[in-house]
Amino acid sequence: MKLHKRLNGSFVDAAFLTIVKVVTSLLGLVSTRIISDGFSFHLYGTYSQSMLLNTTISAIIILGLTDAVNLYFNRFRDNKDFQQKYISNIFSLQIIIGVVASVVVIIGKNIWISYFDNEELAPLIKWVAAMPMLSNILGMQQVLFVSIGEVKIIAIRNLLVSVLRLIIFCIACYLTKNIETILILQLVCDLGQVLYFKHLLGKYGVKVELLIPQVKVIREVLIYSIPISAFVVTSSLLRDIDKYIVGFYTNSETLAIFSNASKILPLDMFVASLTTVLLPILTKSIVDGDKMKLRQIYNLYFSVSIMVGLLMVGAAVVSAPSLMAVLYGDKYVIGLDVFVVYLLVTLVRFVNLALLFNAAGKSLIILAISLGALLANVVLSICLFYCFGIVGCAIATLIISVVVNVLMMYKSKKILGTSAFNLIEWRTVGRVFVYALLIGFGCWWFCLFMENNHFSHFLSMMLTSVIYIGILIFFIKKKLMSDIRLLNKFKLK
């Protein structure tokens with residue numbers, strides 16, 4: 001009995017979710033490698049263009065309704081009739097918006113074809129148009145499963161979808177050699193999930209009915225969700241604006257290289273989990289007015305994030321020539337400069353400084369900074385593109401990411417009661433950076449030596465990464481473990 005209880009504890013759930021996330025991420029990387037190898041630059045660039053359209057439309061039409069589902073489902077837990085009414089209205093609204101958006105995208109397909117100057121998008125648009133609505137509904141359904149405490153269902157679903165995606169890519173690359181195969185099978189897969197989840201939610205007592213949205217309910221929902229929607233759209237565009245610029249000024253082949261080189265690798269799993277754990281603790285500290293505790297957590301979080309970031313991202317940077325060949329194939333190594341710059345972007349974003357503003361409920365500050373960053377990124381990306389080509393867009397994103405972090409640290413003064421710059425142990429941070437640079441410089445040349453002498457890409461990547469991480473841990477282990485132990489003492493009471 002005791003063993004059974006242990007195996008059903010929160011630690012085991014967290015460990016299970018982490019393991020699934022790691023496996024899912026690995027399957028995603030394998031899928032990317034398959035499609036990168038299986039398609040020409042032009043075909044992969046065309047696929048990237050269609051996915052870019054999909055993610056942008058999804059962000060626009062969701063209107064913050066995912067958060068609205070979470071709010072109203074939990075607000076009316078004690079009133080099932082109201083709960084069903086609000087949830088059904090929200091889902092019905094998303095379906096109506098999704099259908100209208102699909103029609104608009106199909107009617108305006110020539111705009112997208114003209115923007116990317118790619119006639120091969122024409123037969124794909126009708127499939128892409130239907131994808132945003134289904135992916136948004138799936139996201140809303142997942143929120144419901146989390147709200148009823150069935151997180152493992154989502155984890156298992158993500159694992160199965162990753163396997164299905166891998167199978168779909170194999171079919172498209174090795175049998176049909178057609179992008180449409182991917183889009184059609186993905187649509188079928190998403191539709192099947194939506195229908196199955198609706199059936200499964202019904203078994204858990206959560207009924208979602210398609211109805212004509214009630215004006216009073218929808219007005220209330222949109223007043224809450226529209227501000228969130230602005231942030232979602234801004235974040236989506238900020239993440240993809242460089243690809244839109246590269247897609248406009250270059251061709252499908254160049255976009256294919258840039259799309260892979262600019263992919264954000266799943267290197268921040270530990271820090272992402274740490275962020276999830278710390279958010280409620282920071283929120284309570286702010287509510288209680290305990291600024292001393294808030295400052296201690298902020299300083300330790302920054303320190304741990306930087307050290308873990310230098311370990312993980314640093315290992316990727318020093319082994320970048322081999323790593324890129326392993327992930328995407330030899331033909332994509334031409335985009336190595338962009339790949340390295342985006343690894344540095346990942347390092348800058350490793351420390352989630354927006355965490356403090358989320359805990360304090362200052363989402364408008366994040367939105368204002370994000371909007372400014374988006375506009376600045378557009379201007380700077382275009383200017384640097386003319387100076388340096390596609391790597392200029394990557395450099396622009398890196399510069400803007402650094403500026404955003406500096407602004408957030410400056411703006412956090414009111415929440416912390418002092419400047420964030422005064423809390424951070426800059427001498428320690430600087431010393432760790434010096435260690436990483438010196439060790440990294442040697443490991444980079446070691447990786448190039450192995451590549452030039454035709455060692456296996458995988459062997460070169462593994463040896464370089466292990467040597468870098470091993471030596472750097474030797475120098476920072478004491479500080480890292482000390483900060484983790486101190487951070488672990490802070491718990492939600």
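These numbers were taken from a predicted model, which means no experiment stands behind them.
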Could you walk me through whether Phe197 and Phe145 pass the ring-ring contact (aromatic ring centres under 6.0 Å, His included) check? CA-CA 9 Å; Phe197 277 175; Phe145 279 111; 5.0 Å; yes

For Tyr328 and Lys263: C-alpha separation, side-chain torsions, deciding distance, then whether side chain to side chain contact (heavy atoms under 4.5 Å, CB included) applies. CA-CA 11 Å; Tyr328 310 121; Lys263 282 186 188 298; 3.6 Å; yes

Going through the distances and angles, do Phe339 and Tyr332 end up as a ring-ring contact (aromatic ring centres under 6.0 Å, His included)? CA-CA 10 Å; Phe339 184 65; Tyr332 281 92; over 10 Å; no

Please lay out, stage by stage, how Tyr386 and Tyr249 fare under the test ring-ring contact (aromatic ring centres under 6.0 Å, His included). CA-CA 10 Å; Tyr386 279 109; Tyr249 284 107; 5.5 Å; yes

For Ile61 and Val100, what are the C-alpha separation, side-chain angles and deciding distance, and is it a side chain to side chain contact (heavy atoms under 4.5 Å, CB included)? CA-CA 10 Å; Ile61 69 171; Val100 171; over 6 Å; no

Worked check of side chain to side chain contact (heavy atoms under 4.5 Å, CB included) between Met133 and Ile137: CA-CA 6 Å; Met133 178 185 71; Ile137 290 174; 3.9 Å; yes

Would you sort out whether Leu27 and Leu159 count as a side chain to side chain contact (heavy atoms under 4.5 Å, CB included), showing the intermediate values? CA-CA 9 Å; Leu27 287 171; Leu159 181 59; 4.0 Å; yes

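Side-chain atoms of Asn405 come within 3.5 Å of backbone N or O of Val348 as a donor-acceptor pair. A donor-acceptor pair under 3.5 Å links the side-chain atoms of Thr32 to the main chain of Gly28, judged by distance alone. Of the possible polar contacts, none joining the Ser319 side chain to the Ser322 backbone as a donor-acceptor pair under 3.5 Å is found. Listed for the Ser102 side chain is a donor-acceptor partner under 3.5 Å among the backbone atoms of Ala129. Side-chain N or O atoms of Thr176 include none that pairs as donor or acceptor with a backbone N or O of Thr181 at under 3.5 Å. No donor-acceptor distance shorter than 3.5 angstrom exists from the side chain of Thr254 to the backbone of Thr250, with no hydrogens or angles considered. Put simply, the side chain of Ser225 never gets that close to the backbone of Ala68: no donor and acceptor are under 3.5 Å apart. In this structure a side-chain-to-backbone donor-acceptor pair under 3.5 Å is missing from Ser92 to Asn89. Judged by distance alone, the side chain of Ser135 and the main-chain N or O of Pro132 form a donor-acceptor pair under 3.5 Å.
Asp330 pairs by the salt bridge (charged side-chain N to carboxylate O under 4.0 Å, His left out) definition with nothing, not counting sequence neighbours. Evaluation of the salt bridge (charged side-chain N to carboxylate O under 4.0 Å, His left out) rule for Glu220 yields Arg75 as partners, not counting sequence neighbours. In this view, Asp240 and Lys243 satisfy the salt bridge (charged side-chain N to carboxylate O under 4.0 Å, His left out) rule, not counting sequence neighbours. Evaluation of the salt bridge (charged side-chain N to carboxylate O under 4.0 Å, His left out) rule for Arg33 yields Asp37 as partners, not counting sequence neighbours.
Counted within 6.0 Å of CD1 on Ile111, heavy atoms from surrounding residues, nucleotides or ligands total 12 or fewer; the atom is thus considered open. Counting heavy atoms of neighbouring residues, nucleotides and ligands inside a 6.0 Å radius, atom CD1 of Ile264 exceeds 12 of them. Within a 6.0 Å sphere centred on CG of Leu195, other residues, nucleotides and ligands contribute more than 12 heavy atoms. Under a cut-off of 6.0 angstrom, the local environment of CZ in Phe388 is sparse, with at most 12 non-hydrogen atoms contributed by other residues, nucleotides or ligands.
Using modelled atom types and a 3.5 Å distance limit, the side chains of Ser381 and Asn377 yield a donor-acceptor pair.
Ala394 approaches Val345 most closely through the heavy-atom pair O-CG2, 4.5 Å. Shown here for Leu65 and Val221, the closest heavy-atom pair between the two residues is CD2-CG1, 3.8 Å. Between Ile57 and Ala101, the shortest heavy-atom distance links the atoms CG2-CB, 4.5 Å. Minimum interatomic distance between Ile395 and Val341 (heavy atoms only, all atoms of both residues): N-CG1, 3.9 Å. Looking at every heavy atom in both residues, Ala316 comes nearest to Leu323 through CB-CD2, 3.7 Å. Closest of all the heavy-atom pairs between Val333 and Pro321 is CG2-O, 4.2 Å.
With contacts defined as side-chain heavy-atom distances shorter than 4.5 Å, the pair Leu237/Val233 qualifies. When side chains are defined from C-beta on, Gln214 counts as touching Lys85, because their heavy atoms get closer than 4.5 Å. Here the side chains of Tyr174 and Ile34 are in contact, with some heavy-atom distance below 4.5 Å. Using a 4.5 Å heavy-atom cutoff, the side chains of Tyr44 and Ile35 are in contact. At least one side-chain heavy atom of Val105 sits under 4.5 Å from a side-chain heavy atom of Leu53. The shortest side-chain heavy-atom distance between Met324 and Val338 does not fall under the 4.5 Å cut-off. Looking at Asp190 and Val194, their side chains never come closer than 4.5 Å, going by heavy atoms from C-beta outward. Taking the side chain as every heavy atom from C-beta outward, Phe258 and Ser48 never approach each other to under 4.5 Å.
Note that CD1 of Ile241 and CG of Leu380 are 12.5 Å apart. Values are rounded to the nearest 0.5 Å. Once rounded to the nearest 0.5 Å, the distance linking CD1 of Ile257 with CD1 of Ile390 reads 6.5 Å. To the nearest 0.5 Å, atom CZ of residue Arg165 and atom CG of residue Leu160 are 13.0 Å apart. Atom OH of Tyr47 is separated from atom CD1 of Ile179 by 9.0 Å, given to the nearest 0.5 angstrom. Within the model, atoms OG of Ser50 and CD1 of Ile182 stand 8.0 Å from one another, a figure rounded to the nearest 0.5 Å. To the nearest 0.5 Å, the span separating CG on Leu327 from CE on Met461 amounts to 7.5 Å.
Looking at Ile62, Asn70, Val69 one by one, the single match for side-chain contact (heavy atoms from CB on, under 4.5 Å) with Thr66 turns out to be Ile62.
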Please list, one pair per line, the donor and acceptor atoms closer than 3.5 Å that link side chains of residues 115-128 to other protein atoms, with sequence neighbours excluded.
residue, atom, partner, partner atom, Å
Tyr115, OH, Tyr244, O, 2.8
Asn118, OD1, Glu120, N, 3.1
Asn118, ND2, Thr46, OG1, 2.9
Asn118, ND2, Gln49, OE1, 2.9
Asn118, ND2, Ser252, OG, 3.2
Glu120, OE2, His42, NE2, 3.0
Lys126, NZ, Pro123, O, 2.9
Trp127, NE1, Glu180, OE2, 2.8

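The salt bridge (Lys or Arg N to Asp or Glu O under 4.0 Å) analysis of residues 47-74, with sequence neighbours excluded, yields no pairs.
Aromatic ring orientation, Tyr298 versus Phe302: parallel (interplanar angle below 30°, classes split at 30° and 60°).
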